[in-house]
Protein chains: 2
Amino acid sequence: MSEPSGPTMASIGRVAGVSRQTVWNVLHAPDKVRPETRARVERAIRDERYRPNRVARSLRTRSARLLGYCMEPRGGPDLNPVQDRFLHAVTEAAEARGYHVLLFTTQRGDPGRRASSRGGREDDRLDGYAELLAEAAVDGFVLSDTTVDDPRQAWLHERGVPYAAFGRSWSDGEDPGPWVDIDGAAGVESAVTHLYEQGHRRIGFVGWPTGSGVGEDRVSGWRRGCERLGLAPGPLARGDNTSDTGQALAAELLDGPDAPTALVCVSDVLALGCLAELRRRGLRPGADIGVTGFDDAPFAALPGVELSSVEQPIERVGADVVRLLIDQLTGEPPAESHIVLAPSLRVRASSIHPTTDPVTP
Amino acid sequence: MSEPSGPTMASIGRVAGVSRQTVWNVLHAPDKVRPETRARVERAIRDERYRPNRVARSLRTRSARLLGYCMEPRGGPDLNPVQDRFLHAVTEAAEARGYHVLLFTTQRGDPGRRASSRGGREDDRLDGYAELLAEAAVDGFVLSDTTVDDPRQAWLHERGVPYAAFGRSWSDGEDPGPWVDIDGAAGVESAVTHLYEQGHRRIGFVGWPTGSGVGEDRVSGWRRGCERLGLAPGPLARGDNTSDTGQALAAELLDGPDAPTALVCVSDVLALGCLAELRRRGLRPGADIGVTGFDDAPFAALPGVELSSVEQPIERVGADVVRLLIDQLTGEPPAESHIVLAPSLRVRASSIHPTTDPVTP
DNA sequence: ACCTGTGATGTGATCGATCAAATTCGCTAC
DNA sequence: GTAGCGAATTTGATCGATCACATCACAGGT
């Protein structure tokens, strides 16, 4: 029951008959130590199963070697598939550089602390960030789900707090900090191209309400794709990110003046609604109407869904975000501060026209 | 660019004209301090925005106030919906007690460290646990996805490492440690009951291969339910957790000697395969054949799926796991060490018989 | 006046790794 | 023989909170 309290540099030194500093040298500057001494110390380290105490190291070096990540309260079924993979990727990349990920939430646990905030009330969402920072519990933050002019980015930037974001800042002004993002426009454009190759000439778009950076980016890809292929952009409908909305929007477009033969959707959830509407009308996805989504959510691959979708290289994003962040922490020369990654279309039944041979340009 | 290096107890003391220990007393034993002194110190704390340094505290008290959680490499599309919610719940519950969650993975980042392990090679999956422990980086672990006789539980138990698991140990022997689990049998039984009330008298089961504790638990609920209702258990088919398999198993059962009118599935993924097979045969889920799943995965609620499913109270599980773990850490008297929570059936179209009035017993 | 007890506050040492500077050691050169 | 030089190794101090005592002030009792 008592604390065994593992070996320390001092205890290793005692075993090997050297001082604690020599032990440190063996670990961090081996060539400063005479080979036979080193061997003796290394043996002691192995025998005693010594591992440096992370906490003590953190105190001295003033770096926790921890990256903060805020778990947003789960919204719709949309963000989830990404968050899981992203976290895994971030954790793995961080470990490769000797860091770990520390999770926190926006709702502060200890109610007593809420009062300690001074008059000028900051955004509640920032409290968690502020607290971890003040407690020196993390060295920096990984952000995700950034919005247009995300207050967190400005807040962190003002205070000189290291961070890196998944999602560009979408700000008109200069960028507060480094980010990694997916080229949504390119992803959608590739979907348009694919549908064109399947024989479609009237391609509609099902999007989100205006105002979201991500959403506008994807619409622009659709416009660009149509333009490049010499098509007049088909009809456009917008609504919030639920499959019921998707179903309604699909109906709207199909009943409209110039009904599209293919629907490019800004998200898989909306696309699923479209598929439901097609089924209701007895139309076969792919054969009668081409449909594509975005995100490659887990359900897209399921039998009975088989939704073509733009897959985001989340693992790459996670790795790059961590690299940008840790490079800042270690004072590495910042190679680049904005990374845009290309997504790739995963073609499934919902967009394949059985009788049309794919045409590669 | 230079380190502002926030306020410390000593600096607060200097501002308030007292010693660091008095500052400590104000924070941890306020009644030992004269009210006017206390006021002065509290003012300084507020003015300077002092927050105790977590790292220094950890070093002195030998507790990182961090709970380790291992991100398993994502397997199929099955576990994900749960992991996300679970992590959020765990993080939130931990924060309420002044702890945070530290993520790690099984693949060790630093390749140099692999060699440092001695001859008798431990299970690779345990290395991450061992390392964090040796580095004193965490105080305990939260486990999930426990298997029958999970080696991690025994390993941690042997070393007296505090932990709590989501998922019982399923061991025949005595339990190595505390866990929280979901009463899968009860969940499946409620699905059977529900289908019975919908008029079904021949209820089949689509399960996993024998050997998984979770799977056997759920089968037993099906058997128990049938027995209680005076039904002969319908046919049973087993296969791995993919929807393709689900489709095949559904076909097998429906073509079998005594075809069931309802299918209870051990997972949503398998259930989805069943739905696909029904659609292929022109059978309407709910009206012709009742189907239920398990997990209430995000896709179960989607239009075009509408799968009845057993929903697990993941948030409760997370909160309880954290409670069991932190109670150990703080030396709280262990109130209970095994918690079984009841899941609840979410009824959707896939199991509702349009013409049958529900009968409540 | 003296001792004692209690409440309030201050000082020293500690956790373990790290940084800076001091010391010892091994060897050559005068 | 020893001054000198570089390599090898050691000692001292530090990060900030915490614990264990030490000290101080002041009250009441004899």
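Convention: sequence-line order gives letters A, B, ...; per-chain numbering from 1.
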Next on the checklist: Need one value for A/Val33: base, sugar-phosphate or nothing, where a base atom within 4.0 Å counts as base even if backbone is also close, heavy atoms only.
Outcome noted: sugar-phosphate
Item to check | Evaluation steps, side-chain contact (heavy atoms from CB on, under 4.5 Å), between A/Asp181 and A/Ile339 | outcome: CA-CA 6 Å; A/Asp181 205 358; A/Ile339 299 177; over 6 Å; no
Item to check | Donor + acceptor pair across side chains of B/Ser11, B/Glu48 (<3.5 Å) | outcome: no
Next on the checklist: Please tell me whether B/Thr330 and B/Glu332 have a donor and an acceptor in their side chains that are separated by less than 3.5 angstrom.
Outcome noted: yes
Next on the checklist: Is there a side-chain contact between B/Ser19 and the phosphate of C/dG10, meaning an N or O under 4.0 Å from OP1 or OP2?
Outcome noted: yes
Checklist entry - In whole angstrom, what separates A/Lys32's NZ from C/dA22's C1'? => result 13 Å
Checklist entry - Charged N to carboxylate O below 4.0 Å: is that the case for A/Asp145 and A/Arg152? => result no
Next on the checklist: For a quick check under 3.5 Å, do B/Tyr69 and B/Ser144 share a side-chain donor-acceptor pair by atom type?
Outcome noted: yes
Checklist entry - Quick one: what's the B/S/- string for nucleotides 17-27 of chain D, heavy-atom cutoff under 4.0 Å, read 5' to 3'? => result BBBB-------
Item to check | Value in whole Å for how far the P atom of C/dT14 lies from CG of B/Leu59 | outcome: 14 Å
Checklist entry - Between A/Thr106 and A/Glu72, do the side chains contain an N or O donor and an N or O acceptor separated by less than 3.5 Å? => result no
Checklist entry - For C/dG16, does either OP1 or OP2 sit under 4.0 Å from a side-chain N or O belonging to B/Arg62? => result yes
Next on the checklist: Using C1' atoms of five pairs at each end, report the bend of the helix from C/dA1-D/dT30 to C/dC30-D/dG1 rounded to 10 degrees.
Outcome noted: 80°
Next on the checklist: OP1 or OP2 of C/dG7 versus the side-chain N and O atoms of B/Arg34: is any pair under 4.0 Å?
Outcome noted: no
Item to check | Six-ring centre of A/Trp155, A/Arg159 cation under 6.0 angstrom, axis tolerance 45° | outcome: yes
Next on the checklist: Check this for me: B/Arg65, atom CZ, are more than 12 non-hydrogen atoms of other residues, nucleotides or ligands nearer than 6.0 Å?
Outcome noted: yes
Checklist entry - Taking atom P of C/dG26 as reference, at what distance in whole Å does atom CD of A/Glu36 sit? => result 10 Å
Checklist entry - For A/Glu135 and D/dC15, what is the distance between atoms CD and C1' respectively, to the nearest whole Å? => result 17 Å
Checklist entry - So does B/Arg38 have more than 12 non-hydrogen atoms from other groups sitting under 6.0 Å from CZ? => result yes
Checklist entry - Heavy atoms under 4.0 Å, any strand shown: does A/Ser58 hit a base, just sugar-phosphate, or nothing? => result nothing
Item to check | Separation of D/dT10 C1' from A/Arg14 CZ (nearest whole Å) | outcome: 15 Å
